[in-house]
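Presented below is the structure to which this report refers.
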Amino acid sequence: MTVQAPPHLGESIARVARGLYRRGWMEGTAGNISALLPGRPGHALITASGLSKGELAPDSAVEVEAATGRPSRPSSLRPSAETVIHAALYRGVPGCEAVVHAHPPYSTLVAAQAARRGADRVSFADFEIIKGLGGSDPFAVTVPVFRNWADVPRIAADLTAFLRREGDDAPPVLLIAHHGATAWGPDLETARNRLECLELLCRLHVHDRLDRPDRLDRPDR
C-alpha cells in the first residue's frame with residue numbers, strides 16, 4: 001500500500017515559506033524548503049521551482065528521493081534547482097530532517113564580502129545568539145562560505161566534501177557567496193530558527209566591523 005504524504009507537512013513547509021517571504025528573505029520565487037516525509041523513509045518534500053514563496057499552498061511541494069533529489073512521484077511541478085544541495089545534507093548529516101534556504105540580506109552581504117576577500121569562512125565569537133545554533137561551542141562558530149557555482153551540483157559536491165572533512169564539527173548552517181544562507185536541523189522549526197540566528201549573527205558582524213574600522217580589511221579566516 002502506498003503511504004500518502006501527510007497534508008500537514010505540505011502546510012508546514014508553506015507556512016514557514018510564507019513567514020520568511022513576509023520578512024523579505026524569500027522575495028519573488030527565491031529560496032527553497034524541504035523536509036523528510038514521515039512514513040516514507042528516504043523521501044522528502046521540497047518546494048517547487050518558480051512559485052512565489054508568499055503564496056505557497058499545502059500542495060506546492062514535490063516529493064523527491066532524499067538522497068538524490070530526483071522526483072519520486074509524477075507531478076506537474078518541478079523540484080527546486082537546488083534540491084541537490086538538500087540531498088547532500090540528508091546524505092551527509094545524521095539527524096537532518098529539514099532544510100531551509102533563503103536570501104536574508106545580512107547573510108547574503110556577509111557571504112559576498114567574504115568571497116571578495118577570498119575567504120572561505122566567516123568566524124563569529126562572543127555573541128550570545130551563537131547558542132541558538134546548537135553547536136559544541138556556545139560562544140564561537142565558524143561558518144563555511146561556498147562558491148556559488150552556476151552548475152548547482154558543484155555546490156552540492158563541495159558541501160559533501162566539507163561534511164566528510166568536518167564530520168560532527170560542521171555547523172548546522174552555511175553561506176553561499178553572493179547568494180544566501182542555508183540551515184538545517186531535526187525539524188522545520190529548528191532549521192528556521194538556526195537561519196534566523198545566522199542572519200542576526202551576520203547583522204551584528206556587519207555593524208561590529210563598521211564600528212571598528214581596524215577590522216574592515218581583516219580576512220574572516
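In this chain, numbering begins with 1 at the start of the sequence shown. Since the model is a prediction, treat every value here as computed from it, not as a measurement.
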**OP:** Evaluate salt bridge (charged side-chain N to carboxylate O under 4.0 Å, His left out) for Arg194 paired with Glu189, printing each intermediate quantity in order.
**Re:** CA-CA 9 Å; Arg194 288 172 173 172; Glu189 286 69 25; over 6 Å; no
Original post:
OG1/Thr160 to CG/Asp158 distance, rounded to the nearest 0.5 angstrom?
Top reply: 9.0 Å
**OP:** Please work out which of the three classes, parallel, tilted or perpendicular, describes the rings of Tyr90 and His86, given edges at 30° and 60°.
**Re:** tilted
Original post:
Can we call the ring centroids of Phe127 and Phe139 under 6.0 Å apart?
Top reply: no
Original post:
Taking all atoms of both residues into account, what is the closest heavy-atom pair of Trp149 and Arg154, and its distance?
Top reply: CH2-NH2, 3.1 Å
**OP:** Would you indicate whether the side-chain heavy atoms of Leu188 and Ser12 approach each other to under 4.5 Å?
**Re:** yes
**OP:** Is it possible for you to say whether Val143 and Val93 belong to one hydrophobic cluster, with membership spreading through side-chain heavy-atom contacts below 4.5 Å?
**Re:** no
**OP:** Find the distance between OG1 (Thr182) and CG (Leu89) and round it off to the nearest 0.5 Å.
**Re:** 7.5 Å
**OP:** Name all residues meeting the side-chain contact (heavy atoms from CB on, under 4.5 Å) criterion together with Ala87; count only those two or more places apart in sequence or in a different chain, and write none if there are none.
**Re:** Arg91
**OP:** With the side chain counted from C-beta on, respond yes when Leu195 and Trp25 share a heavy-atom pair under 4.5 Å apart, and no when they do not.
**Re:** yes
Subject >> Pairwise side-chain contact, Arg23 with Arg18, heavy-atom cut-off 4.5 Å (strictly under) >> reply: no
**OP:** Assess whether side chain to side chain contact (heavy atoms under 4.5 Å, CB included) is satisfied between Arg73 and Arg40, documenting all intermediate values.
**Re:** CA-CA 12 Å; Arg73 289 177 184 272; Arg40 290 274 288 162; 3.7 Å; yes
Subject >> Chi angles and distances behind the side chain to side chain contact (heavy atoms under 4.5 Å, CB included) call for Trp184, Leu174 >> reply: CA-CA 9 Å; Trp184 55 93; Leu174 63 84; 3.7 Å; yes
Subject >> Residue pair Val152 / Glu82: nearest heavy atoms and the distance that separates them >> reply: CG1-CA, 4.0 Å
Subject >> Near-ring test His178/His103, centroid separation under 6.0 angstrom >> reply: no
Original post:
Any idea which heavy atoms bring Val100 and Arg192 closest together, and the distance?
Top reply: CG2-N, 4.1 Å
Original post:
Do Pro138 and Ile130 come within less than 4.5 Å of each other through their side chains, counting heavy atoms only?
Top reply: no
**OP:** Decide yes or no on side-chain hydrogen bond (donor to acceptor under 3.5 Å, both in side chains) for Gln113 and His205, but give the supporting numbers first.
**Re:** CA-CA 11 Å; Gln113 291 174 336; His205 181 78; 5.7 Å; no
Original post:
Do Tyr106 and Leu198 come close enough that some side-chain heavy atom pair is under 4.5 Å?
Top reply: no
Subject >> Same cluster (ILVMFWY, side-chain, under 4.5 Å), Val99 and Ile155 >> reply: yes
**OP:** Please report the closest heavy-atom contact between Pro79 and Ile46, naming both atoms and the distance.
**Re:** CB-CG2, 3.8 Å
Original post:
Measuring from Ile33:CD1 to Leu20:CG, what's the distance to the nearest 0.5 Å?
Top reply: 5.5 Å
**OP:** Please say which of Thr142, Val141, Leu201, Val145 ends up in a side chain to side chain contact (heavy atoms under 4.5 Å, CB included) with Val122.
**Re:** Val145
Original post:
Which is it for Leu204 and His207 under the side chain to side chain contact (heavy atoms under 4.5 Å, CB included) test, yes or no, and what are the steps along the way?
Top reply: CA-CA 5 Å; Leu204 293 169; His207 287 292; 6.0 Å; no
**OP:** Would you name the heavy atoms of Leu77 and Asp59 that are closest together and state the gap between them?
**Re:** CD1-O, 3.7 Å
**OP:** Compare all side-chain heavy atoms of Glu196 with those of Asn193 and state whether any distance is below 4.5 angstrom.
**Re:** yes
**OP:** Report the residues that fulfil side chain to side chain donor-acceptor pair (under 3.5 Å) with Ser72, sequence neighbours left out, ordered by chain and then residue number.
**Re:** His43, Glu63
Original post:
If you draw a 6.0 Å radius around CZ in Arg164, do more than 12 non-hydrogen atoms from other residues or ligands fall strictly inside?
Top reply: no
Original post:
Would Ile176 end up clustered with Leu163 when hydrophobic side chains under 4.5 Å apart are linked, directly or stepwise?
Top reply: yes
Subject >> Pairwise distance NZ(Lys53) to CG(Leu51) - rounded to 0.5 angstrom >> reply: 6.5 Å
Original post:
Tell me, do Cys202 and Pro105 make a side-chain contact under 4.5 Å, heavy atoms counted?
Top reply: no
Subject >> Gap between atom CZ of Arg78 and atom OG1 of Thr83 - 0.5 Å precision >> reply: 10.0 Å
Original post:
With sequence neighbours left out, what residues match Ser52 under side-chain contact (heavy atoms from CB on, under 4.5 Å)?
Top reply: Tyr21, Glu55
Original post:
Are Phe124 and Val173 connected in the hydrophobic side-chain network, where two residues link if heavy atoms are under 4.5 Å apart?
Top reply: yes
Original post:
Counting only heavy atoms not in Asp168, do more than 12 sit closer than 6.0 Å to its CG atom?
Top reply: no
**OP:** Drop me the distance from Leu9's CG to Leu45's CG, to the nearest 0.5 angstrom.
**Re:** 5.0 Å
**OP:** Of all the heavy-atom pairs spanning Glu199 and Pro104, show the shortest one and how long it is.
**Re:** OE1-CB, 3.0 Å
**OP:** Examine Val64 and Leu37 and state if one hydrophobic cluster contains both, with Ile, Leu, Val, Met, Phe, Trp and Tyr joined whenever side-chain heavy atoms are less than 4.5 Å apart.
**Re:** no
